[in-house]
Amino acid sequence: MKAADQAILQLLGPPKSLELTPSNIARNTGLSRGYTSSRLSVLVDQGLVEVDEEEGSHPFYSVSDLGKGVLDGEISPQDLM
């Protein structure tokens with residue numbers, strides 16, 4: 001897991017459990033928009049982040065239960081590989 005992945009999970013995760021667009025995530029983590037999007041794709045593929053894509057609107061990303069487990073230390077990121 002990259003430092004950017006950890007930053008994204010921490011932003012989305014507890015205690016607030018936010019739902020944000022890639023642009024919002026990039027702005028709040030200091031990552032570029034393109035890099036944020038590429039890392040979100042990886043996190044979605046790993047099951048750590050969920051995406052809600054309503055037709056005609058921007059996708060919103062949120063941390064999954066698995067992602068919360070990683071943040072809580074209940075699941076090791078190495079176990080996901």
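Everything quoted here is computed from the prediction, not taken from an experiment.
- Atom CG of D65 sits about 11.5 Å away from atom CG of L48, to the nearest 0.5 Å.
- Between Y35 and K2 there is a side-chain heavy-atom pair separated by less than 4.5 Å.
- Using a 4.5 Å heavy-atom cutoff, the side chains of V44 and E50 are not in contact.
- Of the inter-residue distances, the one linking L11 atom CG with L20 atom CG reads 5.5 Å to the nearest 0.5 angstrom.
- Judged purely by distance below 3.5 Å, without hydrogens or angles, the side chains of S37 and R33 pair a donor atom with an acceptor atom.
- Listed for the D5 side chain is no donor-acceptor partner under 3.5 Å among the backbone atoms of M1.
- In terms of heavy atoms, G13 sits closest to V63 at CA-CG1, 3.6 Å.
- By the criterion of side-chain heavy atoms lying less than 4.5 angstrom apart, applied directly or through intervening Ile, Leu, Val, Met, Phe, Trp or Tyr residues, L66 is not grouped with V42; the two fall into different hydrophobic clusters.
- D72 contributes no side-chain N or O that, together with a main-chain N or O of G69, makes up a donor-acceptor pair within less than 3.5 Å.
- Here the CD1-CG distance, from I25 to L12, works out to 4.5 Å after rounding to the nearest 0.5 Å.
- Hydrophobic clustering, with ILVMFWY side chains joined whenever heavy atoms are under 4.5 angstrom apart, groups I75 together with L9.
- Considering only heavy atoms from C-beta on, H58 stays 4.5 Å or farther from P22 through its side chain.
- Between Q10 and L71 there is a side-chain heavy-atom pair separated by less than 4.5 Å.
- Side-chain N or O atoms of S62 include none that pairs as donor or acceptor with a backbone N or O of E19 at under 3.5 Å.
- At distances below 3.5 Å, not a single donor-acceptor pair connects side-chain atoms of T21 with backbone N or O atoms of F60.
- Taking CG of N24 as the start and OH of Y61 as the end, the distance is 12.0 Å to the nearest 0.5 Å.
- Without hydrogens or angle criteria, T36 side chain to S32 main chain gives a donor-acceptor distance under 3.5 Å.
- Atoms CZ and CG, on R39 and L31 in that order, are 10.0 Å from each other to the nearest 0.5 Å.
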